[in-house]
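Remember, it's 1-based here, ligands and their atoms both numbered in the order they're listed.
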Amino acid sequence: MDKLIITVAPVGAEVTRQDNPNLPLTPIEIAEEAFQCQTEGASLIHLHVRDLAGNATQEKSCFQQVIEAVKQRCDLIVQVSTGGAASMTAAERIQPVELCPEMATLTTGTVNFGSEIFVNPMPVVEKFAQAMLTYGVKPEIEVFDVGMIHNALTLVKKGLLKLPLHFDFVMGVSGGIPGEPRHLLHMVESLPPDCTWSVAGIGGNELPLAVMAIILGGHVRVGFEDNVYYTKNVLATSNAQLVRRIVRMAGELGRPVARPNEARGILGLNG
Ligand code: KMH
Ligand code: ZN
């Protein structure tokens, strides 16, 4: 089993300070949180960013500022979101890929997203995949439902994605696949050999699915984008607190945690 890669998603496009007052929003705050999370054991940061008014944006210059601030404070693998917010256009969402980050997300299908629709028709997904090839960015396939795995494998056949792929199973979104163990097992069993995967459980799904991933040889994503609570009705004090708990549980379960450069090796990012 590989060492455990812990991804932190410290701020999503939808989460607000009303949900958790400890949410980092500015470049300095996100970079400080990144540093604290790396100190605790994270090796990858999944990034959404905000404009000066605190609104979600995919503006390249805003991403650049945050990426520079993060890189000054720590060595985490930077993965930009191309999902953005459900209301954004594809042209808006793809912008940060042009900054040539180490990784970017690629959602391979459309899904209901609460009361909205997260729109990803295949021609758009193909365009995003082509952009990632052009800019030398490793995709993380964001899977909100099981058909998205098969869509990704179709893109492999078309030469737009390369094996082995890294998948992230986002489980428990209202409209997507529920966060039940049997669904995680089915998705893991649907992957081609040598692919890697992580799980991002939404809300109360975060911790049980993380424990399953630790046991099964997958990897784990935590953070305020997915879950703002530490336990039921108790808000997390920071993203780092959520990372620390996963490190502790991995230790109890005998799974060593990967440092950023070890995670780069596992994900094939070295050169
Ligand atoms: N905010 C969601 C609509 C991603 O980052 O790639 C999409 C999302 C996925 O968060
Ligand atoms: Zn995201």
(message) Is the shortest side-chain heavy-atom distance between V247 and I6 below 4.5 Å?
(response) yes
(request) Kindly identify the option in G83, G114, G12 whose heavy atom sits closest to atom 9 (C) of ligand 1. (result) G83
(request) For H48 and ligand 1, answer yes if some heavy atom of the residue is under 4.0 Å from a ligand atom, otherwise no. (result) yes
(request) Do me a favour and list the nearest non-hydrogen protein atom to atom 10 (O) of ligand 1 with residue, atom name and distance? (result) E225 OE2, 3.0 Å
(request) Go through ligand 1 atom by atom and flag the ones less than 4.0 Å from a non-hydrogen atom of H46. (result) 4 (C), 5 (O)
(request) Flag the pair R17 and E29 as a salt bridge only when some basic side-chain nitrogen lies within less than 4.0 angstrom of an acidic carboxylate oxygen. (result) yes
(request) Distance to 0.1 Å, residue and atom name: give those for the protein heavy atom nearest to atom 6 (O) of ligand 1. (result) T105 OG1, 2.6 Å
(message) Between the side chains of E142 and R221, is the shortest nitrogen-to-carboxylate-oxygen separation below 4.0 Å, so that they form an ion pair?
(response) yes
(request) Provide the number and element of each atom of ligand 1 under 4.0 Å from a heavy atom of S81. (result) 4 (C), 5 (O), 6 (O)
(request) Ignoring hydrogens and angles, tell me if any N or O in the side chain of H219 forms a donor-acceptor pair with the backbone of I5 under 3.5 Å. (result) yes
(request) Record the part of E14 in heavy-atom contact with ligand 1 below 4.0 Å; permitted values are side chain, backbone, both and neither. (result) side chain
(message) Please give me the protein atoms (N, O or S only) lying under 2.8 Å from the Zn ion (ligand 2), ordered by chain and number.
(response) H46 NE2, H48 NE2, E225 OE2
(message) Quick check on contacts: which atoms of ligand 1 are under 4.0 angstrom from a heavy atom of A86?
(response) 3 (C)
(message) Evaluate L44 against L76 for side chain to side chain contact (heavy atoms under 4.5 Å, CB included), listing each step before the verdict.
(response) CA-CA 5 Å; L44 199 163; L76 291 176; 6.0 Å; no
(message) If only side-chain N and O atoms count, and only distance matters, is there a donor-acceptor pair under 3.5 Å linking T154 with N151?
(response) no
(request) Report, as yes or no, whether the 6.0 Å neighbourhood of atom CD1 on I28 holds more than 12 heavy atoms from other residues, nucleotides or ligands. (result) no
(message) G84 versus ligand 1: do any nitrogen or oxygen atoms come within less than 3.5 Å of each other?
(response) yes
(request) Look at R264 together with D75 and state whether they make a salt bridge at an N to O cut-off of under 4.0 Å. (result) yes
(message) Taking distance alone, with N or O pairs closer than 3.5 Å, would you say T107 contacts ligand 1?
(response) no
(message) Is the ring pair F118/F144 parallel, tilted or perpendicular, if the boundaries are 30 and 60 degrees?
(response) perpendicular
(request) May I ask you to test the M148-V111 pair for a side-chain heavy-atom distance under 4.5 Å? (result) yes
(request) Please say whether the positively charged group of R245, taken as NZ for Lys or CZ for Arg, lies over the ring of Y230, i.e. under 6.0 angstrom from the six-membered ring centre and within 45 degrees of the axis. (result) yes
